[in-house]
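Input: a single structure, listed below in structure tokens.
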Amino acid sequence: MSKTGAFDLGAGVGGKIEKDDVLSAVDKYERYHIYYGGDAEERKTMYSDMVNKYYDLATSFYEFGWGESFHFAHRWKGESLRESIKRHEHFLALQLGLKPGHKVLDVGCGIGGPLREIARFSSTSVTGLNNNEYQITRGQELNHISGVDKTCNFVKADFMKMPFPDNTYDAIYAIEATCHAPDAVGCYSEIYRVLKPGQYFAAYEWCMTDAFDSNNQEQQKIKAEIELGNGLPDIRSTRECVDALKKAGFEVVWSKDLAADSPVPWYLPLDTSHFSLSSFRLTAIGRLVTRNLVKALEFLGLAPKGSQRVQGFLEKAAEGLVEGGKKEIFTPMFFFLALKPHSESQ
């Protein structure tokens with residue numbers, strides 16, 4: 001089960017970072033970003049250190065507020081957030097045509113929420129690739145609890161340099177994860193390499209839409225807030241993602257921003273003007289309660305120094321995500337299904 005208690009939140013902040021070093025890790029993480037004088041090129045160069053620090057610092061907050069699956073979802077009216085998240089994962093499995101016995105790779109798997117759901121839904125064996133030791137440890141615990149530890153596993157590695165032979169997997173997916181890659185072509189090329197010919201790669205990508213104006217200062221600020229609060233080197237456009245797939249060798253079967261026709265806005269759980277008992281911790285009141293809780297835990301020494309700073313940049317990210325969603329300049333669910341041809345000449 002997820003660690004959803006107050007003491008779990010406090011104890012988990014910092015992940016594998018020594019508790020006395022959390023504050024300095026927060027300092028270093030913040031300095032990577034524009035808000036604190038950083039730039040995109042440094043974030044791309046140092047992406048592994050930046051993303052690892054981000055997930056060490058933020059994972060316990062994610063699990064506390066969001067559950068085991070750290071992603072957004074297309075959502076129907078009358079559908080709960082949890083139901084929409086599961087359906088979002090099932091949709092991916094169906095698009096990939098997963099069948100019992102398939103060997104599947106989850107690229108950037110977090111603590112394995114989608115991995116477990118997709119494995120159970122499709123009766124497949126799923127390997128989660130993750131470069132963060134703390135998340136893998138949590139994922140292994142949760143796999144054991146849910147009973148999928150015999151068929152699903154985790155590998156600690158960088159998705160820019162995967163430790164797998166060519167043509168290993170029957171299907172590959174990524175859910176709001178490869179946005180952390182410093183180079184989309186390089187990342188997609190590695191996915192192409194380890195995918196079997198004639199098989200599919202599907203993903204939900206975080207992207208700036210065609211409505212984004214890079215010369216608009218307000219929109220630049222929103223983009224910077226999202227990058228700061230989510231450990232991103234730079235947010236690509238939807239067109240850049242499609243171009244990168246083609247350069248990597250894929251044939252793009254179809255692609256679409258699924259946020260565009262979602263009956264319930266994907267950002268609604270983060271919108272402070274919205275109230276929901278089912279996702280109370282994400283509401284304005286819930287976040288106020290959490291803010292005071294973290295402050296008390298840090299004061300009592302039950303959470304490391306710097307915990308309030310982590311919550312601060314996560315809340316800043318939430319503001320950026322909501323504004324980006326309302327202005328339709330950002331989407332967390334640009335979906336694509338891409339095929340690796342049977343031969344290079346096809």
Kindly determine whether Thr209 and Phe334 satisfy side chain to side chain contact (heavy atoms under 4.5 Å, CB included), including the steps that lead there. CA-CA 9 Å; Thr209 69; Phe334 177 64; over 6 Å; no
Would Val155 and Met162 satisfy side chain to side chain contact (heavy atoms under 4.5 Å, CB included), going step by step from the backbone distance to the final call? CA-CA 9 Å; Val155 173; Met162 297 188 197; over 6 Å; no
Begin with the C-alpha distance, continue with both residues' side-chain angles, and end with the deciding distance and a verdict on side chain to side chain contact (heavy atoms under 4.5 Å, CB included) for Arg138 and Glu68. CA-CA 10 Å; Arg138 279 294 297 136; Glu68 295 178 22; over 6 Å; no
Can you check side chain to side chain donor-acceptor pair (under 3.5 Å) on Gln135 and Thr59, steps first, answer last? CA-CA 7 Å; Gln135 288 198 332; Thr59 293; 2.9 Å; yes
If you apply the rule side chain to side chain contact (heavy atoms under 4.5 Å, CB included), what do you find for Glu176 with Phe70, and how did you get there? CA-CA 8 Å; Glu176 302 182 21; Phe70 306 160; over 6 Å; no
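Between Phe250 and Phe201, the ring centre distance stays below 6.0 Å. Between Phe335 and His74, the distance from one ring center to the other does not fall under 6.0 angstrom.
A salt bridge does not link Lys221 to Glu323: none of the charged side-chain nitrogens sits closer than 4.0 Å to a carboxylate oxygen. The pair Asp210-Arg239 counts as a salt bridge, with a side-chain nitrogen and a carboxylate oxygen less than 4.0 angstrom apart. Salt bridge Glu83/Lys86: absent, no basic N to carboxylate O contact under 4.0 Å.
Arg75 places a side-chain heavy atom less than 4.5 Å from the side chain of Pro269. Side chains of Cys152 and Arg116 form no contact here, defined as non-hydrogen atoms less than 4.5 Å apart. Using a 4.5 Å heavy-atom cutoff, the side chains of Asn131 and Lys156 are in contact. Taking the side chain as every heavy atom from C-beta outward, Ile191 and Leu105 never approach each other to under 4.5 Å. Ser146 has its side chain within reach of Arg120: a pair of non-hydrogen atoms, C-beta onward, lies under 4.5 Å apart. Using a 4.5 Å cut-off on side-chain heavy atoms (C-beta onward), Phe212 and Ile235 make no contact. Leu321 is listed as a side-chain neighbour of Trp266, based on a closest heavy-atom distance under 4.5 Å. A heavy-atom distance below 4.5 Å is not found between the side chains of Pro332 and Tyr267.
Under the 4.5 Å side-chain heavy-atom criterion for Ile, Leu, Val, Met, Phe, Trp and Tyr, Val126 and Val148 are members of distinct hydrophobic clusters. Hydrophobic clustering, with ILVMFWY side chains joined whenever heavy atoms are under 4.5 angstrom apart, keeps Trp254 apart from Leu94. Side-chain heavy atoms closer than 4.5 Å link hydrophobic residues (I, L, V, M, F, W, Y) into clusters, and following such links, even through other members, never connects Trp76 to Met333. Put simply, Val104 and Phe121 are part of two different groups of oily side chains (I, L, V, M, F, W, Y) that touch within less than 4.5 Å, one to the next. Clustering ILVMFWY residues whenever any of their side-chain heavy atoms sit less than 4.5 angstrom apart, transitively, puts Ile172 in the very cluster that holds Val252.
The shortest non-hydrogen separation linking Pro341 to Tyr192 is CD-OH, 3.9 Å. Heavy atoms only, all atoms of each residue included: Ala171 and Leu98 are closest at CB-CD2, 3.5 Å. Residues Asn130 and Cys109 approach most closely at CB-SG, 3.8 Å, considering heavy atoms. Among all heavy-atom pairs drawn from Arg236 and Glu240, the shortest one is CA-OE1, 3.2 Å. Contact record, Glu89 with Ser69: OE2-OG, 2.9 Å, taken as the closest heavy-atom pair. A pairwise comparison of heavy atoms in Ile222 and Gly320 identifies CG2-O, 3.3 Å as the closest pair.
Cys179 SG to Asp234 CG: the interatomic distance, rounded to the nearest 0.5 Å, is 11.5 Å. One finds the CG atom of Leu337 at 15.0 Å from the OH atom of Tyr173 (value rounded to the nearest 0.5 Å). Taking NE2 from His102 and OG from Ser125, the interatomic distance works out to 11.5 Å, rounded to the nearest 0.5 Å. Expressed to the nearest 0.5 Å, how far CG of Leu142 lies from CG of Asp149 amounts to 11.0 Å. To the nearest 0.5 Å, atom OG1 of residue Thr137 and atom CD1 of residue Ile111 are 11.5 Å apart. With rounding to the nearest 0.5 Å, the separation of CD1 in Ile175 from CG in Asp106 is 6.0 Å.
When the options Asn230, Thr178, Thr331 are evaluated for a side-chain contact (heavy atoms from CB on, under 4.5 Å) with Trp206, the one that passes is Asn230. Results of the side-chain hydrogen bond (donor to acceptor under 3.5 Å, both in side chains) test with Lys196 over Asn167, Thr168, Asp170 single out Asp170 as the only residue that passes.
Other residues, nucleotides and ligands place no more than 12 heavy atoms under 6.0 Å from the NZ atom of Lys247. Dense packing is recorded around CZ of Phe336, with more than 12 heavy atoms of other residues, nucleotides or ligands lying under 6.0 Å away. Summarising the local packing, CD of Glu328 is surrounded by 12 or fewer heavy atoms from other residues, nucleotides or ligands at distances under 6.0 Å.
Here Val185 is tied to no hydrophobic group at all, with no ILVMFWY side chain closer than 4.5 Å.
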